[in-house]
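Please read all numbers here as calculations on a predicted model, not as lab measurements. So that the names make sense, note that chain A is the first sequence line, chain B the second, and so on, each numbered from 1.
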Amino acid sequence: MKKVVQAIKGTRDFYPEEMAVRSWLYRTIRRVSELHGYQEYEAPILEKLELYAAKSGEELVKEQAFVFEDRGGDLIALRPELTPSLARMVAQRQKELTYPLRWWSFGPFWRYERPQKGRTREFFQWNIDLIGADSPESDAELISIAAAFFKAVGLDPDQVVILVNNRRLMEAELARLQIKPELKGDVFRLIDRRDKMTPDNWTAYARDMGLSEAQMEGLTLLLSDEEAWKRSEEMTRLFTALEQVGVKDYVQFDAGIIRGLEYYTGTVFEARDRQGEGRAILGGGHYDNLVADVGGDPLSGVGFAMGDVMIRVILEKYQCLPELNTQPAQVLVTVFDEDSLLDSLRLAAELRARGANTIVFTEPVRLQKQLKFADKAGVRFVVIVGPDERQAGQVTVKDLAAREQTSLSREQAAAFLSQKLAKAEAV
RNA sequence: GUGCCUGUAGCUCAACGGCAGAGCGCCUCACUGUGGAUGAGGAGGUUGAGGGUUCGAAACCGUCCAGGCACCCCA
């Protein structure tokens, strides 16, 4: 066993059980996205590194991208995020697309990080964006989609919360505290780290930055001010819209939400476990310059991304993962001996023609083994054809779940099975 | 990239520096045409790798590899 070549660090093998979960997640995401009228799209997994130079976080590109040189000497990155690709796709056909665009995607991404809880190097991400719209109500739509997803998977408002803030509001608040615009980036970073530092360290960090005692006091006050949003017309409209669509329970204002990505210009939000478990489940916001940054005309948008790893942790924690069947076969046709092998193959083909997902045992081993296989593999019905049956022109249909079996003609058996299977599917 | 913890049978885990074990799973048989249950038997290990200390190492020491957790950053 030692000789098995190891998988790449931070990647996951999707065995059928895992793949079933991933597919279920994909189906749910599709349902929620389409329910809101969003179209599916996909971008290349590989992009030129320079695409990310424009606006992604410095660290995201320089430290965390998987980069290699292709045969032509270009630096290629395995995409660490989708938004720049989206911006490029929009810019390329900017004049012919119908706005506002409502697009969603679900695919793989790579970041070169140390794997840990809720984080791997290869992960899947749901990206959903509304582009060519600039109103608070547009931002509200994306937030309500996130809420709709939580509702769809059975996560309640007392389990997860979508924390919302607005960078323009924060800029105005910083100005009110007479913090110089040049310090904006640093102060945003400071706010972002509030939870991760001890109060003393945080204060020292702020002081080093050049903030006065009064400014620090004002900042601390602001961060605990649950009413600060009322000073922003944008946010007032946003919350009103959220209330109207009935997802207010999931949403909460938090002046501490800044988001790391530099391209957000207005509304920013992230979803978290109410009990504070792990990192953000999803994150997003409003952006104004993304399309222009890749060479297009200015176009605003709002979107968010949700990784499959963290949401999986939360879904498991709150037992929201459904029971998923990984066995597509409904019927197993057994084979009695070498001589009847072809007959069994033919019978299986007949059953498939009638629409039954059918496996035929292709090796004439003991019947006991074949039944055990069906049982363990989760195939409910077994069709037995041996010399006795052939002589009588019949087959034996065994229902492993009901523990009963009957002798039927081939025609009857096919009809019997399609009836049983239809009933099973209806349940 | 930094720090802490962990690597023993397919899986979950025991074993004071002194013979490497259990439960589950797997295989065989009881039952050569009937799954789960029961009983009996069996296979399965270079103790992550390669060094060092020691009369003796799964255990102690340092190196590498892998995994987990936290930091950084972020989905």
Rounded [atom1] spacing from [N] to [M] in Å:
{"N": "U47(B)", "M": "A57(B)", "atom1": "P", "result": "12 Å"}
{"N": "A49(B)", "M": "G33(B)", "atom1": "P", "result": "45 Å"}
{"N": "U8(B)", "M": "C13(B)", "atom1": "C1'", "result": "9 Å"}
{"N": "A59(B)", "M": "C19(B)", "atom1": "P", "result": "13 Å"}
{"N": "C64(B)", "M": "C4(B)", "atom1": "P", "result": "13 Å"}
{"N": "U54(B)", "M": "G48(B)", "atom1": "C1'", "result": "23 Å"}
{"N": "G41(B)", "M": "U46(B)", "atom1": "C1'", "result": "28 Å"}
{"N": "G36(B)", "M": "A30(B)", "atom1": "P", "result": "14 Å"}

Which nucleotide in [options] has an atom nearest any side-chain atom of [X]:
{"X": "Lys376(A)", "options": "G25(B), U34(B), C74(B)", "answer": "G25(B)"}
{"X": "Arg279(A)", "options": "C73(B), G35(B), G68(B)", "answer": "C73(B)"}
{"X": "Leu371(A)", "options": "C29(B), U34(B), G33(B)", "answer": "U34(B)"}
{"X": "Glu113(A)", "options": "C26(B), G68(B), A75(B)", "answer": "A75(B)"}
{"X": "Asp375(A)", "options": "A70(B), C26(B), G36(B)", "answer": "G36(B)"}
{"X": "Lys117(A)", "options": "C26(B), G35(B), C69(B)", "answer": "C69(B)"}

Could you tell me how far apart [X] ([atom1]) and [N] ([atom2]) are, to the nearest whole angstrom?
{"X": "Trp110(A)", "N": "C74(B)", "atom1": "CH2", "atom2": "C1'", "value": "17 Å"}
{"X": "Ile257(A)", "N": "A75(B)", "atom1": "CD1", "atom2": "P", "value": "12 Å"}
{"X": "Lys9(A)", "N": "G7(B)", "atom1": "NZ", "atom2": "C1'", "value": "14 Å"}
{"X": "Leu82(A)", "N": "A75(B)", "atom1": "CG", "atom2": "C1'", "value": "12 Å"}
{"X": "Glu270(A)", "N": "C73(B)", "atom1": "CD", "atom2": "P", "value": "14 Å"}
{"X": "Glu81(A)", "N": "C73(B)", "atom1": "CD", "atom2": "C1'", "value": "13 Å"}
{"X": "Arg121(A)", "N": "A75(B)", "atom1": "CZ", "atom2": "P", "value": "18 Å"}
{"X": "Lys369(A)", "N": "G36(B)", "atom1": "NZ", "atom2": "P", "value": "13 Å"}

Are Lys398(A) and Glu404(A) ion-paired here, with the side-chain N under 4.0 Å from a carboxylate O?
no
Counting the atoms with a prime plus P, OP1 and OP2 as sugar-phosphate, which does [X] contact under 4.0 Å by heavy atoms, base, sugar-phosphate, or nothing?
{"X": "Asp308(A)", "value": "nothing"}
{"X": "Leu282(A)", "value": "sugar-phosphate"}
{"X": "Ala280(A)", "value": "sugar-phosphate"}
{"X": "Thr120(A)", "value": "base"}
{"X": "Arg403(A)", "value": "base"}
{"X": "Glu389(A)", "value": "base"}
{"X": "Phe336(A)", "value": "base"}

Does the Arg167(A) side chain pair with the main chain of Arg259(A), one donor and one acceptor, at a distance under 3.5 Å?
yes
Is it true that a side-chain atom of Arg119(A) and a backbone atom of Arg114(A) form a donor plus acceptor pair closer than 3.5 Å?
yes
Gln405(A) (side chain) and U34(B) (base): donor-acceptor pair under 3.5 Å
yes
Quick check: any donor-acceptor pair below 3.5 Å linking the side-chain of Arg114(A) to the base of A70(B)?
no
Is the gap between the ring centers of Tyr41(A) and Trp103(A) under 6.0 Å?
yes
Nucleotide forming a Watson-Crick or wobble pair with [N], both distances under 3.5 Å:
{"N": "A59(B)", "answer": "none"}
{"N": "G21(B)", "answer": "C13(B)"}
{"N": "G41(B)", "answer": "C27(B)"}
{"N": "A66(B)", "answer": "U6(B)"}
{"N": "C71(B)", "answer": "G1(B)"}

Using the closest heavy atom to pick a nucleotide of RNA chain B for each, name whichever of Ala7(A) or Ile384(A) lands nearer the 5' end.
Ile384(A)
Identify, between Arg119(A) and Phe123(A), the residue whose nearest nucleotide on RNA chain B lies closer to the 5' end.
Arg119(A)
Please determine which of Arg274(A), Glu226(A), Arg272(A) meets the side-chain hydrogen bond (donor to acceptor under 3.5 Å, both in side chains) test together with Gln252(A).
Arg274(A)
Candidate list Thr265(A), Asp139(A), Asn166(A), test side-chain hydrogen bond (donor to acceptor under 3.5 Å, both in side chains), partner His286(A), passing option
Asp139(A)
Can Val333(A) and Val395(A) be said to form a side-chain contact (heavy atoms from CB on, under 4.5 Å), step by step?
CA-CA 10 Å; Val333(A) 176; Val395(A) 299; over 6 Å; no
Taking only side-chain N and O atoms of [X], does any of them lie within less than 4.0 angstrom of OP1 or OP2 on [N]?
{"X": "Gln64(A)", "N": "C73(B)", "value": "no"}
{"X": "Lys398(A)", "N": "G33(B)", "value": "no"}
{"X": "Gln116(A)", "N": "A70(B)", "value": "yes"}

Under the 5.5 Å and 30° test, is Phe373(A) stacked on the base of G35(B)?
no
Could you check Ile384(A), Val379(A), Leu371(A), Val383(A) and say which one makes a side-chain contact (heavy atoms from CB on, under 4.5 Å) with Leu332(A)?
Val379(A)
With side-chain contact (heavy atoms from CB on, under 4.5 Å) as the criterion, how do Asp273(A) and Tyr318(A) come out once you've worked through the C-alpha distance, each side chain's angles and the decisive distance to 0.1 Å?
CA-CA 10 Å; Asp273(A) 179 15; Tyr318(A) 293 109; 2.6 Å; yes
